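First up is the structure itself, then whatever we jot down about it.
Quick caveat, the model's predicted, so the values are computed rather than measured. Per chain, numbering begins at 1; letters A, B, ... match sequence-line order.
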2 protein chains.
Amino acid sequence: MYKALLQHIEKIITLELWEIDLLESCLSVSTIKKKELILKEGQICNTLYFITKGCLRQYIINSKGSEQTLQFGIENWWITDYLSYHNQTPSHFYIQAVEKCEVITLEKQTLESILIQIPKLERYFRIIAQKSFGAAQMRIKFLFTMSAEERYHHFNDLYPEFVQRVPQYMLASYLDFSAEFMSKIRAGKV
Amino acid sequence: MYKALLQHIEKIITLELWEIDLLESCLSVSTIKKKELILKEGQICNTLYFITKGCLRQYIINSKGSEQTLQFGIENWWITDYLSYHNQTPSHFYIQAVEKCEVITLEKQTLESILIQIPKLERYFRIIAQKSFGAAQMRIKFLFTMSAEERYHHFNDLYPEFVQRVPQYMLASYLDFSAEFMSKIRAGKV
DNA sequence: TAAAAAACTTGAAGTACTTCAAGAAATTAG
DNA sequence: CTAATTTCTTGAAGTACTTCAAGTTTTTTA
C-alpha cells in the first residue's frame, strides 16, 4: 500500500523496521475523483500529498477568470502549498485531480511528530525540497528564455507521454500561452 | 563573525554550545567584489553561500546574448544552485555580486559531514528549502497573472528600498520585461 | 448509443510588449 | 576633477503573442 513511498524514501535514507512501522501508522491513502479539489484558494494547507497513481495540478484563477496551471504532479511526486503550510496563511492556489488519483496523505501535525521520532526523515524532506526548488528555478529559466513555440517543443521532447495525458489547454497555460496558440503551434501554423 | 547565520538558524532550531562550536569551525567568510562571479555557467556548484552583507544575483545569458536575472539574494539569504549541487551537473546559471558582499561559505563536503554530526541542521535546511520553493511558486504566479506594469508596481510596493538598490535593467529582467519598457512605466508613458 | 459536455481548431483583429538607435544623466575610476 | 563607463530615457517601427467568435471533433454521461 505504501510501498511506492517507502521506496522513494529509501532512495535517499535507510529506515529501520520500527521506523517503517511507525511511519506507516501515520499515513493514510485516499482516492480523489477526477476534477475534485484537495485544496482551494483561501484555505490553509495542512497536508502533504504523495501521489501514487494519477495526476494532479496546482492552478490559479487569473483576473480574467480563467485557470492557469502552475505545476503538475504525477506518480512519485509530492504536491502541496508549502508557503501556506509553513506560514499557516490562506493559500493562493487550487490543487485538483486531473485524473482519478490515489494519494498518500500526511497531516502537518502528524508529520511534525514523526519528524521528532525519526529525525532521519528531515533529511529526506530536505532533499526533496531542495530539488523541487532547483526545478522551479529551471522552470523560470525556460519561461524567460524560450519563445512559446520553443517551450512547447522542449516540453514535448522531454515528456512526450505526459503531453498525451493532460488536456492541451492545461498544458498551454502551464507553458504560459493560450490554448488557441498551442493549437496553431501543433498545426505548424505559426 | 558568524552571528547573523547563527541567529538565522536559531530562529528555527536550538543549538547546544558544542554544536555551535563545531558548526563555526566549518564555516568561512569571504568578501566578494562588485561584479565578481562566484558561479559560472558550466561549473559544478559545490558551495552554499549565506549572505551577511551586500546583494548577489543569479542570472543567465539568453540566446540574444543579454543577461536575465532569475533571483536576487540579500542579507540573511542563502544563494546557490541546488540542482547542480545535488546532481553534480554543470550549472545553467551565473551567480554574481551586485554590490561588494560578505558571505559565509559552506562546502558540500563539509556540510555533509556536519549534517551527520548535527542532524538537527537537516531540519533547518529543510525548512529553508521548503520556504524557498514556496516563494518560487509565488514568483511564477506573479509572472503569469500580472502585466509588466502590475509586476513593477507590486514589486515596488513590497520592496521600495530594494528597487533603489539595484540597477533598473537588472530589476527589469527579473520582472521579465525590457529595461526600456521599465523606463516608460516609471515615466508613466504607458 | 444518443445527447451533452468538454476539448480542440481556425482566421481575423487587436495589443502589450520588444528592438533599435541615439542622446542624456549618473556613477566610477584614474 | 575629468574622463570613461555605465545606466537611463525617448520615440518609432515591428512582432509574438492574445482575444474573440464560431465551428468541429472528441470524450463523458445517462
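- The CZ-P distance, from A:Phe177 to C:dC17, rounds to 18 Å in whole Å.
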Tabulated below should be each protein N or O lying under 3.5 Å from an N or O of nucleotides 4-14 of chain D; please produce it.
| from | atom 1 | to | atom 2 | distance (Å) |
| --- | --- | --- | --- | --- |
| D:dT7 | OP2 | B:Tyr169 | OH | 3.0 |
| D:dC8 | OP1 | B:Gln168 | N | 2.9 |
| D:dC8 | OP2 | B:Gln168 | N | 2.9 |
| D:dC8 | OP2 | B:Tyr169 | N | 3.1 |
| D:dT9 | OP2 | B:Gln168 | OE1 | 3.0 |
| D:dT9 | OP2 | B:Ser183 | OG | 2.7 |
| D:dT9 | O5' | B:Ser183 | OG | 3.0 |
| D:dT10 | OP1 | B:Lys189 | NZ | 3.3 |
| D:dT10 | OP2 | B:Lys189 | NZ | 3.4 |
| D:dT10 | O5' | B:Lys189 | NZ | 2.9 |
| D:dG11 | N7 | B:Lys184 | NZ | 3.1 |
| D:dG11 | O6 | B:Lys184 | NZ | 3.4 |
| D:dA12 | N6 | B:Lys184 | NZ | 3.4 |

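- Side-chain N or O atoms of B:Glu19 include one that pairs as donor or acceptor with a backbone N or O of B:Glu16 at under 3.5 Å.
- Taking the ring centroids of A:Phe162 and A:Phe72, they lie under the 6.0 Å cut-off.
- Salt bridge absent: B:Glu75 and B:Lys53 never bring a charged side-chain N and a carboxylate O closer than 4.0 Å.
- What separates CG of B:Leu175 from P of C:dT18 is a distance of 11 Å, to the nearest Å.
- Of the residues in residues 149-165 of chain A, not one places a heavy atom less than 4.0 Å from an atom of DNA chain D.
- Counted by atom type alone, B:His86 and A:Gln130 present one or more donor-acceptor pairs between their side chains at under 3.5 Å.
- For A:Trp78 and A:Phe125, the distance between ring centers is under 6.0 angstrom.
- For B:Phe144 and C:dA16, the CZ to P distance is 19 Å, given to the nearest whole Å.
- Under a cutoff of 6.0 Å and an axis angle of 45°, B:Arg151 and B:Tyr174 do not form a cation-pi pair.
- Note on residues 26-38 of chain A: pairs passing side-chain hydrogen bond (donor to acceptor under 3.5 Å, both in side chains), not counting sequence neighbours, are A:Ser28-A:Thr105.
- Side-chain atoms of B:Thr145 and A:Asn62 form no donor-acceptor pair, as typed in the model, at a separation below 3.5 Å.
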